[in-house]
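Keep in mind that the numbers below use all heavy atoms, side chains included, and drop hydrogens, waters and symmetry copies. A, B, ... follow the sequence lines: proteins, then strands. Residue 1 opens every chain.
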There are 2 protein chains.
Amino acid sequence: MSYLDRIATCRRWDPAAYRPLVIDGRTLGRVSHGVARRLAEFPEVFVVSHDSVALAPGLDDFVSRSRAVAEVLGEMKARGEVPLWRGEDYPVVERWGAEPAFKIERAAAALLGTRSFGVHLNGLVRGTGGLSMWVAKRAANKQTAPGKLDHLAAGGQPVGLGVRENLIKEAGEEAGIPAELAARARPVGAVSYRCERPEGLRDDVLFCYDLELPADFAPANTDGEVESFSLWPIAEVLARVRDTEDFKFNVALVVIDLAIRLGLIAPDDPDYQEIWQGLRLAE
Amino acid sequence: MSYLDRIATCRRWDPAAYRPLVIDGRTLGRVSHGVARRLAEFPEVFVVSHDSVALAPGLDDFVSRSRAVAEVLGEMKARGEVPLWRGEDYPVVERWGAEPAFKIERAAAALLGTRSFGVHLNGLVRGTGGLSMWVAKRAANKQTAPGKLDHLAAGGQPVGLGVRENLIKEAGEEAGIPAELAARARPVGAVSYRCERPEGLRDDVLFCYDLELPADFAPANTDGEVESFSLWPIAEVLARVRDTEDFKFNVALVVIDLAIRLGLIAPDDPDYQEIWQGLRLAE
């Protein structure tokens with residue numbers, strides 16, 4: 001087990017198992033053949049061929065596309081084909097900052113393989129014994145990754161909310177961090193990956209933030225999604241990431257990025273370049 | 001002018017103008033057609049075809065390859081065809097940490113388009129007015145990038161020297177930083193790029209280090225390569241990187257990486273993903 005194993009998990013997918021979702025000449029998602037066949041049953045919305053999925057002619061703006069796709073997803077949801085429905089909209093974009101082609105229910109992003117964005121917060125405490133990190137244990141009844149180790153706070157990035165606003169909201173809900181404390185979090189970069197997960201194809205960009213917390217701060221979960229929090233020496237966090245799959249797959253990536261920025265993984269590691277390159281996709 | 005312009009400069013090259021240098025089935029360099037024609041005059045060492053350059057059969061280990069290539073380069077040097085000869089060996093590798101296929105004179109790396117490694121040091125000072133950075137102005141008589149703005153210290157990574165050792169050596173020679181102070185520098189990641197420069201094709205991985213210096217430290221150049229040093233507020237460094245080409249092309253990239261890690265370029269910038277992705281090649 002090694003950091004490279006964690007990275008490989010985040011990059012494992014089979015391009016032959018998907019058809020590109022092509023909008024305005026750009027690949028904005030990747031649809032499994034099974035889902036593509038299902039979408040072909042809605043020819044007024046999706047144009048499905050053997051090698052691509054597109055939207056029907058006439059669906060050429062944000063509003064009409066969003067409405068048409070939402071109708072299809074609504075029908076699929078009614079038949080139990082869109083698990084983990086959230087009631088939260090995600091933009092469909094090629095890249096952060098680009099004009100969204102349309103928006104979709106969050107649970108459908110993995111179904112269509114569209115790109116999602118999120119925020120992850122490294123909760124750090126500097127003490128006399130060195131640097132420690134707050135580790136959350138996800139509740140056993142969570143629908144995704146039950147019982148896995150997690151960040152102090154993290155969340156998906158919905159349409160219409162700033163990244164910092166979203167971080168402050170998640171920090172409050174998930175860890176009881178007061179807004180004025182959460183606002184001190186510093187954006188430090190991002191990680192990106194594309195991989196097959198039980199829910200579909202994840203194609204995510206996660207914005208990483210570091211927050212140094214006072215020694216007397218104690219997190220408190222308010223939404224029932226966390227079983228417990230504990231403060232770990234950073235070396236223990238890294239060993240657990242390196243040697244086990246106990247951390248949620250994408251949390252491991254953000255922790256590896258932290259370790260590189262802190263110099264805890266350094267160029268004297270022969271895997272350094274491969275690790276560092278593995279933290280982001282080229283596109 | 002923008003950060004993306006600085007990144008574009010570091011990624012500008014024309015694949016059609018090069019033939020891959022293929023060793024043991026791997027592309028370890030890229031040779032311009034002109035240089036390829038010249039290498040074809042040494043058929044006992046180079047096998048040159050229309051679409052690739054390889055080493056002659058029988059040159060199958062580090063020692064024999066290094067010796068044979070050195071003989072060709074020696075002849076080319078004698079005719080003035082390898083400018084900026086350094087008398088320093090670089091490994092020829094696909095990736096940091098891999099076993100080198102052979103070694104070559106540093107000046108020939110850009111000629112054959114092989115990958116080079118280097119270290120760059122962000123020299124930082126934390127004061128009451130915020131963060132500042134030491135900026136060097138390269139001597140007007142330097143052969144590469146004369147008069148350009150530069151890091152406090154930086155250097156290429158030769159065969160047989162550790163990255164940290166090299167950093168300490170360069171910090172001493174270029175900025176008069178005592179070894180015990182330089183040893184506090186922290187590895188924080190890397191940047192990589194491939195671009196055409198006057199000397200040939202640069203395909204570089206630069207290991208980035210941050211060093212916080214005491215307020216009373218004053219750098220002193222000992223090798224004549226720096227005209228002057230000055231301490232700039234970080235916002236001025238970033239504005240100069242963003243709005244001008246005054247910084248050396250690759251120094252700009254390392255400064256942009258620093259700005260991302262410090263949160264001075266943040267996800268609220270619509271170019272964030274493109275900037276962050278532009279700091280490293282996929283391979």
Side-chain angles (χ1 to χ4, degrees), chain A residues 4 11 93-100 115 117-120 131 157 161-167 183-192 204-211 256-283, chain B residues 4 11 93-100 115 117-120 131 157 161-167 183-192 204-211 256-283:
Chain A
L4 290 175
R11 299 175 80 102
V93 287
E94 188 178 29
R95 191 174 52 225
W96 181 249
E99 201 59 43
R115 179 155 267 177
F117 301 88
V119 286
H120 276 240
L131 190 71
Q157 184 63 41
L161 192 64
V163 179
R164 175 168 287 278
E165 278 174 275
N166 189 30
L167 176 78
R184 289 188 216 157
R186 190 177 70 170
V188 290
V191 301
S192 61
D204 296 350
V205 175
L206 305 181
F207 300 116
C208 309
Y209 283 72
D210 287 356
L211 175 60
I256 294 170
D257 172 75
L258 174 68
I260 284 185
R261 288 185 291 106
L262 292 173
L264 299 173
I265 302 175
D268 55 8
D269 186 328
D271 292 337
Y272 191 72
Q273 188 181 345
E274 211 168 348
I275 294 170
W276 154 77
Q277 278 172 347
L279 299 178
R280 60 184 80 171
L281 301 176
E283 81 288 349
Chain B
L4 290 175
R11 298 174 82 100
V93 287
E94 188 177 29
R95 192 172 53 227
W96 181 249
E99 200 59 45
R115 180 156 265 175
F117 301 87
V119 286
H120 276 241
L131 190 71
Q157 184 62 41
L161 192 64
V163 179
R164 175 168 288 278
E165 278 173 275
N166 189 29
L167 176 77
R184 289 188 216 157
R186 189 177 70 172
V188 289
V191 300
S192 62
D204 296 349
V205 175
L206 305 182
F207 300 116
C208 309
Y209 283 72
D210 287 356
L211 175 60
I256 293 169
D257 172 75
L258 172 69
I260 284 185
R261 289 185 290 105
L262 293 173
L264 300 172
I265 302 174
D268 55 8
D269 186 328
D271 292 336
Y272 190 72
Q273 188 181 346
E274 210 169 348
I275 293 171
W276 154 77
Q277 279 172 346
L279 299 179
R280 59 185 80 171
L281 301 176
E283 81 289 348

Peer 1: So which residue, B:Ala259, B:Pro187, B:Gly162, B:Ala266, ends up with the most heavy-atom pairs under 4.5 Å with chain A?
Peer 2: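 That would be B:Pro187.
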
Peer 1: Checking A:Tyr272 side chain against B:Gly189 main chain: does a donor-acceptor pair fall under 3.5 Å?
Peer 2: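 Between the backbone of B:Gly189 and the side chain of A:Tyr272 there is a qualifying donor-acceptor contact (under 3.5 Å).
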
Peer 1: Rounded at 0.5 Å granularity, tell me how far CG in B:Asp210 sits from CZ in B:Arg261.
Peer 2: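 Nearest 0.5 Å value for the CG-CZ distance: 4.0 Å.
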
Peer 1: Roughly how far, to the nearest 0.5 Å, is the CZ atom of A:Arg11 from the CG atom of A:Leu279?
Peer 2: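 Going from CG on A:Leu279 over to CZ on A:Arg11, the span is 8.5 Å.
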
Peer 1: Going through the checks in order, is the side-chain contact (heavy atoms from CB on, under 4.5 Å) test met by B:Glu274 and B:Leu4?
Peer 2: CA-CA 8 Å; B:Glu274 210 169 348; B:Leu4 290 175; 4.0 Å; yes

Peer 1: For A:Arg186, which atoms come within 4.5 Å of any heavy atom of chain B: side chain, backbone, both, or neither?
Peer 2: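 Side chain of A:Arg186 only, per the 4.5 Å heavy-atom cut-off to chain B.
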
Peer 1: What part of B:Leu264 gets within 4.5 angstrom of chain A, counting heavy atoms only: side chain, backbone, both, or neither?
Peer 2: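 For B:Leu264, neither part sits under 4.5 Å from chain A.
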
Peer 1: Provide the closest heavy-atom pair for B:Leu281 versus B:Ser192 in the form atom of the first, atom of the second, distance.
Peer 2: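 What the structure gives for the nearest pair is N-OG, 2.8 Å.
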
Peer 1: May I ask you to name which of A:Phe207, A:Phe117, A:Trp96, A:Trp276 has the most heavy-atom pairs under 4.5 Å with chain B?
Peer 2: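 Looking at each option in turn, the highest pair count goes to A:Trp276.
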
Peer 1: Please rank A:Ile260, A:Ile275, A:Val205, A:Ile265 by heavy-atom pairs under 4.5 Å with chain B and give me the top one.
Peer 2: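 Winner by heavy-atom pair count: A:Ile260.
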
Peer 1: Please state whether the side chain, the backbone, both or neither of B:Val191 comes within less than 4.5 Å of a heavy atom of chain A.
Peer 2: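 The answer is the backbone of B:Val191.
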
Peer 1: Among B:Ala190, B:Gly97, B:Ala282, B:Gly263, which has the most heavy-atom pairs under 4.5 Å with chain A?
Peer 2: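 Heavy-atom pair counts peak at B:Ala190.
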
Peer 1: Quick one, B:Leu211 and B:Arg184 - any side-chain contact, counting heavy atoms below 4.5 Å?
Peer 2: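 Contact flag for B:Leu211/B:Arg184 side chains = yes.
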
Peer 1: Between A:Asp271 and chain B, which part of the residue has a heavy atom less than 4.5 Å away: side chain, backbone, both or neither?
Peer 2: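 Neither part; nothing is under 4.5 Å.
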
Peer 1: For the candidates A:Cys208, A:Gly278, A:Ala98, A:Pro270, which exhibits the highest count of non-hydrogen atom pairs separated by less than 4.5 Å from chain B?
Peer 2: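 Of the candidates given, the most pairs with chain B belong to A:Pro270.
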
Peer 1: Looking at A:Glu94 and A:Arg115, is there a salt bridge between them, counting it only when a charged N and a carboxylate O are closer than 4.0 Å?
Peer 2: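 Salt bridge flag = no for A:Glu94 with A:Arg115.
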
